[in-house]
Structure formats: structure tokens, C-alpha cells
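Model, not experiment: these values are computed from the prediction. These numbers come from the heavy atoms of this one structure, side chains and all, not from hydrogens, waters or symmetry mates.
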Amino acid sequence: MLRMLQIVLGGICILLSLVILAYIGPAILTIILILSIILLVVGIERIAVGIATPPTSRGSRFTNIGIGLLVIAFSIVLQQFPVFTSALLVVLCAIALLVSGISRIIQGISGKASGLSRAFRIGVGVLSIAVSILVIAHPISLGLVLFAIMISIAFLISGIEMMALGISGRERFIIRSVFK
């Protein structure tokens with residue numbers, strides 16, 4: 001039964017990855033819509049937790065309600081301006097990648113590693129900086145498309161792994177007894 005489930009779910013992941021690659025634009029908007037709905041539900045849950053918190057912990061109550069309201073507001077902005085919001089998130093991720101690239105170059109230059117390891121760190125840093133600058137310059141046309149392609153590749157790899165495990169009959173994780 002588990003093997004069949006792995007094969008079916010692996011096939012679904014592979015199919016989803018191909019759909020994302022074929023229809024990148026609608027896939028991005030669907031991901032944004034699903035994310036905004038999830039954020040809306042999380043915001044409502046935080047408000048409910050804040051209301052249900054005992055009156056003795058006022059700080060926790062107001063914090064939960066405040067966070068819930070902020071998450072709901074972000075969800076509404078995400079629903080109203082999906083392309084702008086997603087482009088902003090992509091730019092923030094690109095800035096993080098830029099900082100990471102600079103850090104890798106500094107590690108490669110000043111680190112104790114030598115030879116291939118040093119060159120690899122510097123090369124990855126330069127590549128990270130180049131990709132981040134391209135994404136910052138073109139967040140919608142390049143950044144969102146790159147994001148969708150990365151999600152698609154992740155689904156494809158995950159689907160292939162699930163199907164291979166289902167076909168081979170191997171377990172993904174080895175469960176060991178704690179009491180042995």
C-alpha cells in the first residue's frame with residue numbers, strides 16, 4: 001500500500017513540475033493566491049489565540065492579536081497586488097543572495113582553505129552576486145520565472161525520488177526503536 005502511494009504521489013509531483021514549467025505565469029499567480037489564503041487563515045488563528053489567552057497574560061494576548069492583524073493585512077495586500085508583492089519578496093531574497101555571495105567571496109579570499117575549495121567559494125560567491133544583481137534588475141521577468149523553475153525542479157526531483165522508492169520497495173527513513 002505504501003509503495004503504491006509513493007508511486008502515485010511521485011507521479012503527481014512530476015506532473016505538477018511539468019505543469020509549472022509549461023504554465024509559469026498562472027503557476028506563480030496560483031502559488032501567490034494559495035500563500036495569501038494560508039496567511040489569512042494563520043492571521044485569523046493568531047487573533048483567536050490572542051482572544052482565548054487568559055487575561056493574566058496581557059502582553060501575550062496583545063502580541064498574538066497584533067501579529068494576527070499584521071498577517072491578515074499582509075494577506076490582503078498580497079491578494080490585491082500579487083505581482084508587486086511577489087516582486088518585492090523576490091528582491092528581498094535577491095538581496096539576501098547578494099549578501100551571501102559577498103560573504104562567500106570574503107571567506108574564499110581570507111579563509112585558510114586553499115586550492116580548489118578556495119576557488120569554489122569565490123566562484124560560488126561571484127555567481128551568487130551575478131544572479132542576485134540580475135534578479136534585482138528584473139524581479140518580475142527573471143526573478144519570478146527563476147523562482148517557478150526552482151519550484152518545478154524541486155517537485156521533479158521529489159517526485160522521481162518518491163517513485164524510485166515506491167518501485168524499489170525501500171524505505172525512505174530507517175525507524176529504530178528507542179528502547180533497544
Side-chain angles (χ1 to χ4, degrees), residues 1-51 63-104 124-167 171-173:
M1 181 71 173
L2 178 62
R3 291 176 65 186
M4 184 58 70
L5 183 64
Q6 286 176 319
I7 293 169
V8 169
L9 290 177
I12 291 171
C13 281
I14 291 171
L15 183 67
L16 281 174
S17 72
L18 296 176
V19 168
I20 290 172
L21 283 175
Y23 303 104
I24 288 182
I28 292 170
L29 291 177
T30 302
I31 292 168
I32 292 168
L33 178 64
I34 291 170
L35 177 64
S36 67
I37 292 170
I38 290 170
L39 287 173
L40 184 65
V41 170
V42 168
I44 292 170
E45 184 266 343
R46 284 288 91 198
I47 291 173
V49 167
I51 291 171
T63 301
N64 280 319
I65 292 173
I67 289 172
L69 290 172
L70 284 173
V71 170
I72 289 173
F74 184 68
S75 170
I76 291 170
V77 168
L78 191 60
Q79 289 175 13
Q80 294 299 314
F81 309 104
V83 175
F84 172 75
T85 307
S86 57
L88 180 65
L89 291 174
V90 165
V91 168
L92 290 174
C93 289
I95 291 171
L97 184 64
L98 178 69
V99 171
S100 172
I102 292 169
S103 171
R104 287 184 188 276
V124 169
V126 169
L127 182 64
S128 296
I129 291 172
V131 168
S132 68
I133 290 172
L134 286 172
V135 169
I136 290 170
H138 304 286
I140 295 173
S141 63
L142 180 66
L144 289 176
V145 173
L146 188 61
F147 174 70
I149 290 171
M150 288 172 38
I151 287 175
S152 177
I153 291 170
F155 273 142
L156 183 65
I157 292 169
S158 181
I160 291 170
E161 178 194 21
M162 279 189 260
M163 286 188 79
L165 290 172
I167 291 169
E171 291 185 25
R172 189 177 207 174
F173 304 104

Could you give me the CA-CA distance, side-chain angles and deciding distance for Leu156 and Leu21, then say whether side-chain contact (heavy atoms from CB on, under 4.5 Å) is met? CA-CA 10 Å; Leu156 183 65; Leu21 283 175; 6.0 Å; no

So which heavy atom on [X] is nearest to which on [Y], and how close?
X      : Y      : value
Ile24  : Ala148 : CG2-CB, 3.8 Å
Ser141 : His138 : OG-CB, 3.4 Å
Ile37  : Gln79  : N-NE2, 4.3 Å
Ala87  : Ile140 : CB-CG1, 3.7 Å
Arg104 : Gly125 : CB-CA, 3.9 Å
Leu144 : Ser86  : CD1-OG, 3.6 Å

Under a 4.5 Å cut-off applied to non-hydrogen side-chain atoms, are [X] and [Y] in contact?
X      : Y      : value
Thr63  : Ile67  : yes
Ile136 : Ile133 : no
Met163 : Ile14  : yes
Leu39  : Leu78  : yes

Rounded distance [0.5 Å steps], [atom1] in [X] versus [atom2] in [Y]:
X      : Y      : atom1 : atom2 : value
Leu40  : Ile76  : CG    : CD1   : 7.0 Å
Leu146 : Cys93  : CG    : SG    : 11.0 Å
Ile72  : Ile44  : CD1   : CD1   : 5.0 Å
Leu89  : Phe147 : CG    : CZ    : 9.0 Å
Ile129 : Leu134 : CD1   : CG    : 12.0 Å
Leu15  : Ile20  : CG    : CD1   : 10.0 Å

Using modelled atom types and a 3.5 Å cut-off, is there a donor and acceptor pairing between side-chain atoms of [X] and backbone atoms of [Y]?
X      : Y      : answer
Ser128 : Val124 : yes
Ser75  : Ser36  : yes
Thr30  : Pro26  : yes
Ser158 : Phe155 : no

For Phe84, side chain to side chain contact (heavy atoms under 4.5 Å, CB included) partners two or more places apart: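 If we apply the side chain to side chain contact (heavy atoms under 4.5 Å, CB included) test to Phe84, skipping adjacent residues, the hits are Phe81.
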
Candidate pair Ile32 and Thr85, rule side-chain contact (heavy atoms from CB on, under 4.5 Å), full reasoning: CA-CA 9 Å; Ile32 292 168; Thr85 307; over 6 Å; no

Take Val8 and Leu5 through the test side-chain contact (heavy atoms from CB on, under 4.5 Å) and record every step on the way to the result. CA-CA 5 Å; Val8 169; Leu5 183 64; 5.5 Å; no

